[in-house]
Undergrad: 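Below is one structure. I have some questions about it.
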2 protein chains.
Amino acid sequence: MMANKDNSVNIKSGAAKAAGAYHHGDLRAAVIAAGLRRLEQGDGAELGLRALARDVGVSATALYRHFPDKEALLDALADEGLRRLGALQAQAWLKAGGAVAGFKATGIAYVRFAHDEPALFRLSFTRQMSERSPDGASDGGEVAYNLLRAGVGEALPGVEDPDTAALHAWALVHGLAMLILDRRIEWDEVKVAEVVGLTFGGVG
Amino acid sequence: MMANKDNSVNIKSGAAKAAGAYHHGDLRAAVIAAGLRRLEQGDGAELGLRALARDVGVSATALYRHFPDKEALLDALADEGLRRLGALQAQAWLKAGGAVAGFKATGIAYVRFAHDEPALFRLSFTRQMSERSPDGASDGGEVAYNLLRAGVGEALPGVEDPDTAALHAWALVHGLAMLILDRRIEWDEVKVAEVVGLTFGGVG
DNA sequence: CTCGATATGTTTACAGTGACAACATGATGG
DNA sequence: CCATCATGTTGTCACTGTAAACATATCGAG
């Protein structure tokens, strides 16, 4: 069964599935974990169905018992990415103590996440927002956006059009993120802070 | 077909004879044209080698006489996209009469291009800027960026840090563009003009 | 003009992919 | 205990990018 002659990918020797994921031990989560692991290793992430299945130690078509097709799998990975992004932003906001400084920190965290996990970030935003789960399952992206809107409201109370301001802020950091991971500009946290601060008047 | 744009494609090394018609008659250009046509039709652009070859009426492997591999083909398409973007921006700049209005128009043209040709725009910026043609063949992206820098210099003479301002402007429109074509926000020219104008102080 | 040389296009084939149908297996509940 | 169902496997199909071998058109030289 095993007889794995060449393990091409180094897995962080953890106890991911050693506990008992043979037959009914939550394969779906294992596959997603493997996908995230692969996305973390280099931007040119090859995540094929077969490779992913081999990482988990399962046959390729087994994945179809948990995802209707590859797109669904990628959607799941993308959603996880958005969730992580939202978590990092919330963390940055709290750490900076909210207000204008917190707002800036949120934006910088956004760009830093894109730089730290380029493949995951790109995947998360490239996925075509499919209509799904209308019964209020927050899709991870809304978390981040709501945080942004709240940030605008709390950090910039005097702004005239908060909607436009929020859009502006989002577009700015998203543009920086994309340009960085497409190698159009260099990653430079000081520079990013400078640009972000230029608009929302905080100190450099 | 329209007049042949002689600057549309770099001619391979070799004798400097004018692009002659051999068997098919400048297939390389035809393939690129077919690719662009396909990219213009819907965002979910399927550009496979076989499909592309069939469009031109040639067998699949014939493309390998003009491109080392598919990546090179996509690179050529991406470059053409950047060139068109630059042209549109220059046109917008002139039409608006330069200065601040021209600068704003340039930014709006950027976003509009992304909206009008989503697949081409995405392709153009997703391609990993590979080192190539060190003998000063402008890669199309530089044209756009130089235009931007020039715009900052001319339109915003009083700005303290033009480099940061240029980066800011680019990131803003690029972010708007990406968010629009990833369906994160709706395309709304008025809204775009509003956001762009919010930063570079012109009227709405 | 004839004759190679070279640039271009075709055929065939191969490894890899996502996906489906049929089959096997382990767990579960009446 | 056995039927049922969820899960995983084997085999296969259409499709993809790409390489090798073959075919042909165009051009320069004699």
Side-chain angles (χ1 to χ4, degrees), chain A residues 1-6 8-9 16-35 38-39 44-78 123 126-128 130, chain B residues 4 9-35 38-39 44-78 123 126-128 130:
Chain A
M1 180 178 171
M2 288 299 291
N4 200 355
K5 47 187 172 184
D6 185 8
S8 61
V9 177
K17 76 180 184 75
Y22 305 99
H23 203 158
H24 66 284
D26 200 355
L27 194 154
R28 176 178 170 112
V31 170
I32 291 183
R38 228 164 237 272
L39 285 173
E46 306 176 10
L47 64 175
L49 241 36
R50 282 164 165 90
L52 229 28
R54 191 166 358 101
D55 283 359
V56 182
V58 102
S59 210
T61 54
L63 307 190
Y64 284 90
R65 300 293 164 183
H66 297 267
F67 304 92
D69 59 353
K70 190 186 181 183
E71 293 295 293
L73 208 181
L74 295 183
D75 279 345
L77 287 171
L123 178 70
T126 295
R127 224 91 277 277
Q128 214 80 291
S130 57
Chain B
N4 191 6
V9 178
N10 287 346
I11 301 177
K12 279 186 74 173
S13 62
K17 64 182 177 175
Y22 285 82
H23 224 168
H24 176 277
D26 200 355
L27 193 153
R28 175 174 172 117
V31 170
I32 291 184
R38 227 163 237 272
L39 285 173
E46 306 176 9
L47 63 177
L49 279 189
R50 281 166 166 88
L52 229 26
R54 188 162 0 99
D55 282 358
V56 182
V58 102
S59 211
T61 54
L63 307 188
Y64 283 89
R65 301 293 161 177
H66 298 268
F67 305 94
D69 58 355
K70 190 186 182 183
E71 293 295 293
L73 209 182
L74 296 183
D75 279 345
L77 288 171
L123 179 70
T126 295
R127 224 91 278 279
Q128 215 78 294
S130 58

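Note on naming: letters A, B, ... go to the chains in the order of the sequence lines (proteins, then strands), and numbering restarts at 1 for each one. Worth knowing before you read on, the calculation uses all heavy atoms, side chains too, and leaves out hydrogens, waters and symmetry mates.
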Undergrad: Rounded at 0.5 Å granularity, tell me how far CG in B:Leu49 sits from OG1 in B:Thr61.
TA: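 Between atom CG of B:Leu49 and atom OG1 of B:Thr61 there are 10.0 Å.
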
Undergrad: Do B:Leu73 and B:Leu47 come close enough that some side-chain heavy atom pair is under 4.5 Å?
TA: no

Undergrad: Using the side-chain heavy atoms of B:Arg65, tell me which of these nucleotides is nearest: D:dT9, D:dC22, D:dT18.
TA: D:dC22

Undergrad: Of the nucleotides D:dG8, C:dG9, D:dT10, which has the atom closest to the A:Ser59 side chain?
TA: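 Out of D:dG8, C:dG9, D:dT10, the nucleotide with an atom closest to A:Ser59's side chain is D:dT10.
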
Undergrad: So which nucleotide from D:dT9, C:dG18, D:dT18 ends up closest to the side chain of A:Leu49?
TA: C:dG18

Undergrad: Looking at the side chain of A:His66, which of C:dG9, D:dG8, C:dA13 is the nearest nucleotide?
TA: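 Nearest to the side-chain atoms of A:His66, counting from C-beta on, is D:dG8.
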
Undergrad: Any N or O donor-acceptor pair under 3.5 Å from the base of C:dG16 to the side chain of A:Arg50?
TA: no

Undergrad: Under 4.5 Å between any side-chain heavy atoms of B:Arg28 and B:Asp26, yes or no?
TA: yes

Undergrad: Does any part of the side chain of A:Val31, heavy atoms only, come nearer than 4.5 Å to the side chain of A:His66, both counted from C-beta?
TA: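 A side-chain contact is absent here, since even the closest heavy-atom pair is not under 4.5 Å.
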
Undergrad: Measure from NZ on B:Lys70 to P on D:dT16 and round the result to the nearest Å.
TA: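 The answer, rounded to whole Å, is 9 Å.
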
Undergrad: Looking at the side chain of B:Val58, which of C:dC20, D:dT18, C:dG9 is the nearest nucleotide?
TA: C:dG9

Undergrad: I want to confirm an ordering. Mapping A:Thr61 and B:Ala51 to their closest nucleotides on DNA chain D, which one lands closer to the 5' end?
TA: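 The residue whose closest nucleotide sits nearer the 5' end is A:Thr61.
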
Undergrad: Considering only side-chain heavy atoms of A:Leu27, which listed nucleotide, D:dT10, D:dG8, C:dT10, is closest?
TA: D:dG8

Undergrad: Tell me: CG of B:Leu63 to P of C:dG9, nearest whole Å?
TA: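 About 9 Å, once rounded to whole Å.
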
Undergrad: Roughly, in whole Å, what's the span from CZ in A:Arg54 to P in D:dG8?
TA: 18 Å

Undergrad: Starting from P on D:dA23, measure out to OH on B:Tyr64 and report it in whole angstrom.
TA: 22 Å

Undergrad: Starting from P on D:dT16, measure out to CG on B:Leu47 and report it in whole angstrom.
TA: 12 Å

Undergrad: What nucleotide, of D:dT9, C:dG9, D:dT18, holds the atom closest to the side chain of B:Asp69?
TA: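 Of the candidates, D:dT18 comes closest.
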
Undergrad: To the nearest angstrom, how far is A:Leu52 atom CG from C:dG16 atom C1'?
TA: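 Those two atoms, CG and C1', are 16 Å apart.
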
Undergrad: Whole Å only: how far is the CZ atom of B:Phe67 from the C1' atom of D:dG17?
TA: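 One finds 15 Å between C1' of D:dG17 and CZ of B:Phe67, rounded.
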
Undergrad: With rounding to the nearest 0.5 Å, note down the distance linking CD1 in B:Ile32 to CG in B:Leu39.
TA: 11.5 Å

Undergrad: Let me know the distance between CG of B:Asp26 and P of D:dT26, rounded to the nearest Å.
TA: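 In whole Å, D:dT26 P and B:Asp26 CG are 14 Å from each other.
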
